[in-house]
Amino acid sequence: MNHFEEPNSTDTAIIPKGTIINGNISITDRLEMYGEINGDISSANRVDICGEVTGNINAEDLHAKDSYIVGQVACVQEAVIHENTVVLGDINAQNLVIEGAVQGQIDIKNKITVGEKAIVESDIKAREIQINNGAVLNGHCSLCYSDIDVKEVFPVTEEPEEEKSEEVNEAEKQTEVEESQKDTIEEPSAEAGKPEKAEEENTESSMSAEPEKVTKTKESKVKKAEEKVEEPKAKKAEEEKTEEPKVKEVRKPKAVAKPKAVRKKSISS
């Protein structure tokens, strides 16, 4: 069996490869695990894992290599996540070295080192952080444990905004109180409802009267148009009546010549 390091003492518990443990493990000495554990691990010493763990790990130190861990990791001193290792969970420790992949919240009181092949998707809180070239980091980094107080370096600009927001909140509260008071004072009564009903009736009557007005206006327009057409006809009729009848001139008949025989008779007589 390939041990990570030689144990400092002879008291070391070893879980060989192919072993599956369903349950929690609590030990005061060092633990080397090469199998599979479905449960929590608690040790007052160092824990070396080269297998699969589904559960939380509490130890003095943690070294994980070629392993798959689902759960929270809490170490008093140091945690080292070697290559080919995936940790899905939060990590709390004094120092942290990541060479594998971690997804979860990271809270380190001292220093965190992110290696070249590391893949980290989490928000980081630490005192110092070192990110090597080639590392992939997706998250927010905060050096909140450093000795430098950022507020002393940069002026604070958020306080006036907070004061304004408080004033705005107070004004909103006052408006809400005033509105509630108005609602309580202006309760609807039977007498108050009468003018409202009268107004509604007036609006309804006006609405009903509007189409009548429209029809009347249309009828008046039609009458005016007819009157305009009839006016020239009446004028023509009056003009015809007033005009005197023209008298036709009677021509006098021309003198008719009597026949010759008639003339002779008259002469002889």
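Closest of all the heavy-atom pairs between Tyr145 and Asp107 is OH-OD1, 2.7 Å. Contact detail for Glu36 and Met33: the closest heavy-atom pair is N-SD, 3.8 Å. Closest non-hydrogen pair, Asp29 versus Asp11, comes out as OD2-CB, 3.0 Å. When all heavy atoms of Arg30 and Ile27 are compared, the closest pair comes out as O-CD1, 3.8 Å. The nearest pair of heavy atoms linking Ala44 to Thr28 is CB-O, 3.8 Å. Nearest heavy-atom pair across Gln77 and Asp61 is CB-OD1, 2.9 Å.
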**Request:** Report the C-alpha separation of Val87 and Tyr68 in whole Å, then their side-chain angles, then the decisive distance to 0.1 Å, and conclude whether the side-chain contact (heavy atoms from CB on, under 4.5 Å) test is met.
**Result:** CA-CA 6 Å; Val87 178; Tyr68 189 84; over 6 Å; no

**Request:** Applying side-chain contact (heavy atoms from CB on, under 4.5 Å), run through Ile81 and Val97 and close with a yes or a no.
**Result:** CA-CA 6 Å; Ile81 310 300; Val97 178; over 6 Å; no

**Request:** Would you please test Asp147 and Arg127 for salt bridge (charged side-chain N to carboxylate O under 4.0 Å, His left out) and show each step?
**Result:** CA-CA 8 Å; Asp147 297 331; Arg127 183 178 181 181; 2.7 Å; yes

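In this structure, Lys125 does not pair ionically with Asp123, as no charged nitrogen and carboxylate oxygen lie closer than 4.0 Å.
Linking ILVMFWY residues whenever their side-chain heavy atoms come closer than 4.5 Å, directly or via other members, leaves Val53 and Val70 in distinct clusters. Under the 4.5 Å side-chain heavy-atom criterion for grouping Ile, Leu, Val, Met, Phe, Trp and Tyr, Val80 is not connected to Ile91 through any hydrophobic cluster.
In terms of modelled atom types and a separation under 3.5 Å, the side chain of Asn95 and the main chain of Glu78 share no donor-acceptor contact. Within the 3.5 Å criterion, the main-chain N or O of Asp66 finds a donor-acceptor partner in the side chain of Thr85.
Atom CG of Leu31 sits about 11.5 Å away from atom CZ of Arg46, to the nearest 0.5 Å. One distance of note links CG of Asn45 with OG of Ser43; it measures 5.5 Å at 0.5 Å rounding. Separation of atoms CD1 (Ile15) and CG (Asp48) is listed at 11.5 Å; rounding is to 0.5 Å.
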Only pairs under 3.5 Å count here: list side-chain donor-acceptor contacts from residues 135-143, not counting sequence neighbours, and write none if there are none.
none

Extract all donor-acceptor atom pairs below 3.5 Å that involve side chains of residues 112-122 and protein atoms in other chains or at least two apart in sequence.
| residue | atom | partner | partner atom | Å |
| --- | --- | --- | --- | --- |
| Glu121 | OE1 | Gln103 | NE2 | 3.2 |
| Ser122 | OG | Gly104 | O | 2.9 |

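Here the side chains of Ile124 and Ile108 are not in contact, with every heavy-atom distance at 4.5 Å or above. The shortest distance between side-chain heavy atoms of Ile49 and Leu62 falls below 4.5 Å. The shortest side-chain heavy-atom distance between Tyr34 and Pro16 does not fall under the 4.5 Å cut-off. The side-chain heavy atoms of Lys111 and Ile129, taken from C-beta on, include no pair separated by under 4.5 Å. Between Glu83 and Lys65 there is no side-chain heavy-atom pair separated by less than 4.5 Å. Contact of the Ile106 side chain with the Asp90 side chain is not registered, since no non-hydrogen atoms from C-beta on lie closer than 4.5 Å. Between Asn58 and Asp40 the shortest side-chain heavy-atom distance does not fall below 4.5 Å.
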